[in-house]
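Every value quoted in this text rests on a predicted model; they were computed, and no experiment measured them. So that the names make sense, note that chain A is the first sequence line, chain B the second, and so on, each numbered from 1.
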Protein chains: 2
Amino acid sequence: MQISSRFTIAVHVLVCIETFKNDRKVTSELLASSVNVNAVVIRRLLQQLKAAGIVNVARGSGGAEMAKPLEDITLLDIYNAVECVECGSLFHFHENPNALCPVGRNIHAVMDTRLDKIQNAMENEMKSVTIADIMSDAEKIIGSE
Amino acid sequence: MQISSRFTIAVHVLVCIETFKNDRKVTSELLASSVNVNAVVIRRLLQQLKAAGIVNVARGSGGAEMAKPLEDITLLDIYNAVECVECGSLFHFHENPNALCPVGRNIHAVMDTRLDKIQNAMENEMKSVTIADIMSDAEKIIGSE
DNA sequence: TTAGTTGTAACTATTGACATTACAACTAAT
DNA sequence: ATTAGTTGTAATGTCAATAGTTACAACTAA
C-alpha cells in the first residue's frame, strides 16, 4: 500500500504556485493542466492546504498563493495536511485481537513503541526538507534545460 | 493512507508461532483465533511469509514454524514479504504530468531523491528491529502479567 | 481409510482514491 | 448592475485493494 498521490500532487502544486507567481494568476485550471488531473481534484487539495495554513486561495477573483515563507513549509507539513490525519498512525493495527490469548492481548503493547520509532524516522526525514529546498532543486533543473 | 494490517498481523503471527512452538501445533485455526480473523486470511499470509523464506508451513500434517533464526528476520523482511513489492515505492506518483509545463516535465527529477531518502529512513529503522527483539519484549510483557 | 490440515479458487462487501458533472457563492471589472 | 471568471462543494460513478466467507481438492500421518 502506498501513500496517496495527493502528497506528490501537493508538492507539484506548490512548486507551480511559486514558479508562476509573477507571470500569471495561478488558477485551479492552470494547476490541473500541469498536474494533468481534474480541476476539482486540485480545488479540494487546495482546501486542505489552505486549512493547514500553507496557501491562500481567493474565491471569486481566483488564484492561489503561498501563505508563508517557503523555508517554513516542510514536507511533513504537507503530508499531514493532505493525508488523513485522524488515522494518525502510518500502521494499521488489526482490531480485536483475542484477549484470551497471551499474545493477542499484549501484541499492541509489544509493537507500539517499535512502530512509533519507524514512523518517527520517516517523519523526521520529512521534517528536514522544506519547499525552499525543493524550489532550489527545481530552479536548477528547470534552468539547465 | 496506511500500511495494510497484514504487516501487524504478520508480526503477531510470528510471535504466536514462536510462543506456542513447544506447546501445540500452530495451525491456521489457532493463529486465526489469536488474531481474530478468518483462517483463510492467515493461510494466505503464511503463503507470503513462506515465499519469503520466513516460515515453513506443513501441508497435510499442518502447523507453521520459523524457517530461520529469529535474529535473522527483520521487520523490513516482513514488510517486504506482505506488502505489494512490485509497487516498490512507498510514494505514489501521479501519472502523466504535463510535459509542456516546465514544472510538469521535471517534477519527477525534482522529487525522486528526496522521496528515496524518506523511504530509506523508514526502511533502515525497520531493518534495525528483528523478531528476536520483538520476542524479547513480548516475553517480558507476557511474563510480567 | 480417515481425520485433520493446508492451498487456493470464487464470490462478496467495504473502503478509499480519484474522476466528473453541476451549480451556488463570490469577486472584480466594465 | 451585470457579467465573466473563478472557487467551494455536493452528488455520483468507477476502480483497485483489503478483507471475509464458503467450498473443496490436495496432502499427510495415524
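Side chain of Lys25(B), nearest nucleotide from dT9(D), dC18(C), dG4(C): dG4(C). Considering only the side chain of Val40(A), dT9(D) comes nearest among dT7(D), dT9(D), dT21(D). When the nucleotides dT7(D), dA19(D), dG8(D) are ranked by their closest atom to the side chain of Lys50(A), dG8(D) comes out on top. Side-chain proximity of Arg43(A) to the nucleotides dT7(D), dT6(C), dT6(D) is greatest for dT7(D). The side chain of Arg6(B) lies closest to dA19(D), out of dA19(D), dG4(C), dT9(D). When distances run from any side-chain atom of Asn38(B) to the nucleotides dT6(C), dT21(D), dC18(C), the shortest one goes to dT21(D). Closest contact between the side chain of Ser5(A) and the listed nucleotides dC18(C), dT6(D), dA19(D) involves dC18(C).
OP1 and OP2 of dT6(C) both lie 4.0 Å or more from every side-chain N or O belonging to Ser61(B). Put simply, Gln47(A) has no side-chain N or O that comes within less than 4.0 Å of OP1 or OP2 on dT7(D). Phosphate contact (OP1/OP2 of dT5(C), side-chain N/O of Thr27(B), threshold under 4.0 Å): absent.
In this structure, Ala58(B) reaches the sugar-phosphate backbone alone: every heavy-atom distance under 4.0 Å involves primed, P, OP1 or OP2 atoms, never a base. Backbone-only contact: Gly62(B) has heavy atoms under 4.0 Å from sugar-phosphate atoms and none from a base.
Remark: P of dA17(C) and CZ of Phe91(B) are 15 Å apart, rounded to the nearest angstrom. Taking atom CD1 of Ile42(B) as the reference point, atom P of dT8(C) lies 16 Å away to the nearest angstrom. Between Glu83(A) atom CD and dA17(C) atom P the separation is 7 Å, expressed in whole Å. One can place CG of Asn56(B) at 16 Å from C1' of dT5(C), the figure rounded to the nearest angstrom. In this structure, the CD atom of Glu65(B) is 13 Å from the P atom of dT6(C), given to the nearest Å. Spacing between atom CD of Glu29(A) and atom C1' of dA19(C) amounts to 14 Å, rounded to whole angstrom units. Computed from coordinates, the Gln48(A) CD to dT9(D) P distance equals 12 Å when rounded to whole Å. As a whole-Å value, the separation of Phe7(B) CZ from dA17(D) C1' is 19 Å.
The closest side-chain donor-acceptor pair between His92(B) and Thr8(A), if any, does not fall under 3.5 angstrom.
Side chain Arg59(B) to base dG7(C): no donor-acceptor pair is found below 3.5 Å. Side-chain atoms of Arg44(A) and base atoms of dT20(C) include a donor and an acceptor less than 3.5 Å apart.
In this structure, Asp133(A) contributes its side chain and Thr130(A) its backbone to a donor-acceptor pair below 3.5 Å. Not one N or O on the side chain of Ser61(A) forms a donor-acceptor pair closer than 3.5 Å with the backbone of Ala58(A). Distance alone, capped at 3.5 Å, places no donor-acceptor pair between the Glu65(B) side chain and the Asn56(B) backbone.
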Problem set entry | Verdict with reasoning, Thr74(A) to Asp77(A), per side chain to side chain donor-acceptor pair (under 3.5 Å) | CA-CA 5 Å; Thr74(A) 70; Asp77(A) 295 329; 3.2 Å; yes

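Annotation: the span from Ser33(A) atom OG to Glu29(A) atom CD amounts to 8.5 Å, rounded to 0.5 Å. Atom CD1 of Ile107(A) and atom OG of Ser34(B) lie 8.0 Å apart (nearest 0.5 Å).
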Taking Watson-Crick and G-U wobble contacts under 3.5 angstrom, with | marking pairs to another strand and [ ] crossing pairs, the secondary structure of DNA chain D is written ||||||||||||||||||||||||||||||

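Nearest-nucleotide assignment on DNA chain D puts the 5′-proximal partner with Ser28(A), out of Asn36(B) and Ser28(A).
The closest side-chain heavy-atom distance from Tyr79(A) to Met122(A) is below 4.5 Å.
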